[in-house]
Amino acid sequence: MIKIEVDMTKCQHYGQCVFEAPNIFRLNSDDKLEYTAEADDSERANVEAAVDVCPMQAIRIVE
Amino acid sequence: MAHPVVIVGASMGGLRCAEALRRFGYLGPITIIGEEPWKPYNRPPLSKEVLAKEVSHSAVAFEERSATADVNWVLGTKAISLDVEHNTVTDSEGETHPYAALVIATGLRPKRIVVRNSELSNRFALRTLDDAMALREQLQPGKNVVIVGGGFIGCEVAATAKKLGANVTVIHNAAHPMLRQLGEELASQLQLRHEAEGVRFMLKRSVEDLIGETKITGVKVDDGTVLDCDVLVEAVGSIANVEWLSNNNIDRNDGVLVDSAMRVMRKDDSPIKNVFAIGDVARFANPIFDHVPRRVEHWNMPTETAKRAASVIAAMLNQAPNYPAILDDDFRPLPSFWSDQYENHLLAFGLTSLADRAELVAGEISGECVFEYYREDQLVGVCGIGMRSVVQGYRSKFI
Ligand SMILES: Cc1cc2nc3c(=O)[nH]c(=O)nc-3n(C[C@H](O)[C@H](O)[C@H](O)COP(=O)(O)OP(=O)(O)OC[C@H]3O[C@@H](n4cnc5c(N)ncnc54)[C@H](O)[C@@H]3O)c2cc1C
Ligand code: SF4
């Protein structure tokens with residue numbers, strides 16, 4: 001399992017992460033970020049890619 | 001022992017390349033040589049939220065991943081020459097680094113304005129953490145801040161300086177700030193929003209002279225106006241860091257020319273098999289748009305080009321049977337750009353600066369809105385203020 005943390009004080013809801021890891025991140029109907037805080041190891045590569053593309057560098061994988 | 005992959009530039013591109021090398025199965029040594037004393041950090045906050053608060057390395061540093069824990073960092077050291085015949089890089093300490101593959105990630109440095117009084121103090125440019133720390137100290141309430149250059153960095157610094165209580169004037173050589181990237185309608189709208197916050201623009205103007213004894217006190221504009229000035233910020237574009245590559249027959253005319261595998265091209269148009277360039281310094285053709293090689297100074301490009309180079313290097317050094325196939329892979333990364341100025345959060349895809357016209361397609365120009373950018377009939381970009389889902393929905397339209 002991996003744990004995912006998004007610093008919501010940094011996140012500007014750009015939605016770049018949604019594209020890299022659609023199973024974890026989504027924009028809701030108000031264009032605000034929602035995410036799943038725990039995921040299977042098989043999602044690690046996608047979540048790392050999401051970390052890479054987040055303009056605010058708001059996403060962390062907590063080991 | 002096998003020679004390492006040497007990465008020059010402890011930049012975002014350099015870091016992402018090291019990480020991707022591990023992900024693609026390269027287990028050998030990696031050396032990263034960087035001129036700055038810092039491990040890689042994120043530059044965009046330096047003109048935005050971090051400049052508005054407290055500038056420190058920890059506020060902008062990239063998180064370190066376990067995969068790259070064994071990287072050999074050579075920081076505070078500049079690469080000064082390259083020898084592609086003998087596969088070596090020499091650094092400013094006189095050390096020679098042999099490499100199995102070399103990655104050039106040396107990015108850009110700011111252009112400076114050329115004027116008579118150029119030795120005056122309190123002139124700033126913004127590229128590095130050290131630049132931002134020095135500038136932050138000067139951005140105090142009531143200070144007269146003059147910004148030369150109304151591109152994105154100039155406008156972001158204007159917004160931040162305004163928030164910090166300074167008096168801000170922007171001198172820009174076009175009819176509107178950010179005109180080249182955003183087009184007439186959106187650029188003039190953002191100008192209005194800056195003016196509503198109290199920023200003053202002097203448009204189609206340039207700096208004629210600086211005034212002062214040792215420290216700058218004024219700026220003379222080319223229409224004769226003299227502006228009081230405590231702090232001058234020069235945001236007039238950048239120059240690629242390519243001087244150290246001389247004498248290798250490399251095409252380094254405005255950045256380093258690379259092929260679609262990020263391999264550096266010789267002047268005779270043949271690739272050097274084990275030398276790569278990534279990030280802001282790399283000039284390459286993106287088939288999404290056309291076959292013209294360009295440097296793209298968008299934040300997602302260092303990561304995209306780093307991953308592409310790493311896939312090729314790992315396959316080459318691991319002697320993977322699919323190396324030729326990987327070399328031939330299509331590489332068409334979609335540029336993406338954002339900017340934060342006050343409460344205006346812009347997000348763009350594509351290359352809006354290639355467009356000859358822009359069209360409002362959603363929202364209201366006075367509020368949240370989305371523009372499409374066309375070069376003749378080809379969609380080359382999209383940019384929105386807010387309206388994220390609409391803007392994100394365009395990704396699939398650029399393929
Ligand atoms: C203030 C600011 C705000 C920005 N805001 C945005 C934004 O909002 N949105 C966006 O899309 N993009 C933005 N950008 C652009 C983005 O940050 C860049 O595209 C990105 O940083 C480029 O990364 P890079 O890896 O190519 O190299 P760089 O970040 O340029 O790093 C190159 C490194 O190489 C080092 N170096 C140079 N020469 C040598 C040498 N000979 N030997 C050793 N080391 C050397 C340099 O010291 C530097 O550390 C901004 C840039 C700045 C400066
Ligand atoms: S990419 Fe970053 S800023 Fe954008 S929505 Fe995801 S976490 Fe938030």
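Here is the naming used below: chain letters follow the sequence lines, and residue numbers restart at 1 for every chain. In this text, all values refer to a predicted model and were calculated from it rather than measured experimentally.
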B/R395 to A/F19 six-membered ring, cation-pi geometry met (6.0 Å, 45°)
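Judged by the rule, B/R395 and A/F19 form a cation-pi pair.
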Go through the atoms of [X] and report whether side chain, backbone, both or neither lie under 4.5 Å from a heavy atom of chain A.
X	answer
B/T303	side chain
B/F349	side chain
B/K48	neither
B/N42	side chain
B/E49	side chain
B/S336	side chain
B/S396	neither

Which is it for A/Y14 and B/H345 under the side chain to side chain contact (heavy atoms under 4.5 Å, CB included) test, yes or no, and what are the steps along the way?
CA-CA 9 Å; A/Y14 280 109; B/H345 301 290; 3.8 Å; yes
Backbone N/O of [Y] and side chain of [X]: donor-acceptor pair under 3.5 Å:
X	Y	answer
A/R60	A/K3	no
B/T352	B/Q181	yes
B/S339	B/L346	no
B/N318	B/A320	no
A/Q57	A/V51	yes
A/H13	B/G386	no

List the atom of A/E48, the atom of A/I61, and the distance in Å for their closest heavy-atom pair.
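Scanning both residues completely, I find the closest heavy atoms to be CG-CD1, 3.6 Å.
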On a heavy-atom basis, which atom in B/L360 and which in B/I365 lie closest, and how many Å separate them?
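Closest approach of B/L360 to B/I365: CD2-N, 4.3 Å.
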Electrostatic pair B/R65-B/E63, nearest N-O below 4.0 angstrom:
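Looking at B/E63 together with B/R65, the answer is no, because their closest N to O distance does not fall below 4.0 Å.
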Go through it in stages, so that I can follow the logic: the residues are B/D280 and B/R127, the test is salt bridge (Lys or Arg N to Asp or Glu O under 4.0 Å), and I'd like the CA-CA distance, side-chain angles, deciding distance and then a yes or no.
CA-CA 12 Å; B/D280 282 5; B/R127 181 82 192 173; 2.9 Å; yes
Can you classify the ring geometry of B/W338 versus B/W299 as parallel (below 30°), tilted (30 to 60°) or perpendicular (above 60°)?
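The arrangement is perpendicular - the two ring planes meet at more than 60°.
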Below 4.5 Å, heavy-atom pairs only: which of A/D52, A/L27, A/V53 has the largest tally toward chain B?
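The answer is A/D52.
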Give a yes-or-no answer on whether the side chains of A/N46 and A/E43 include a donor-acceptor pair shorter than 3.5 Å.
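Yes, because at least one side-chain N or O of A/N46 sits under 3.5 Å from a partner of the opposite role on A/E43.
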Heavy-atom contacts under 4.5 Å, residues 9-27 of chain B to chain A:
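Hits under 4.5 Å: B/R16, B/E19, B/R23.
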Where along residues 29-41 of chain A does a heavy atom come under 4.5 Å of chain B, listed by residue number?
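Within residues 29-41 of chain A, the residues under 4.5 Å from chain B are A/D31.
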Residue part contacting chain B, namely of A/A49, when any heavy atom lies under 4.5 Å:
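Its backbone and side chain both get close to chain B.
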Between B/V390, B/D340, B/N300, which shows the greatest number of heavy-atom pairs under 4.5 Å with chain A?
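The residue among B/V390, B/D340, B/N300 with the greatest pair count is B/D340.
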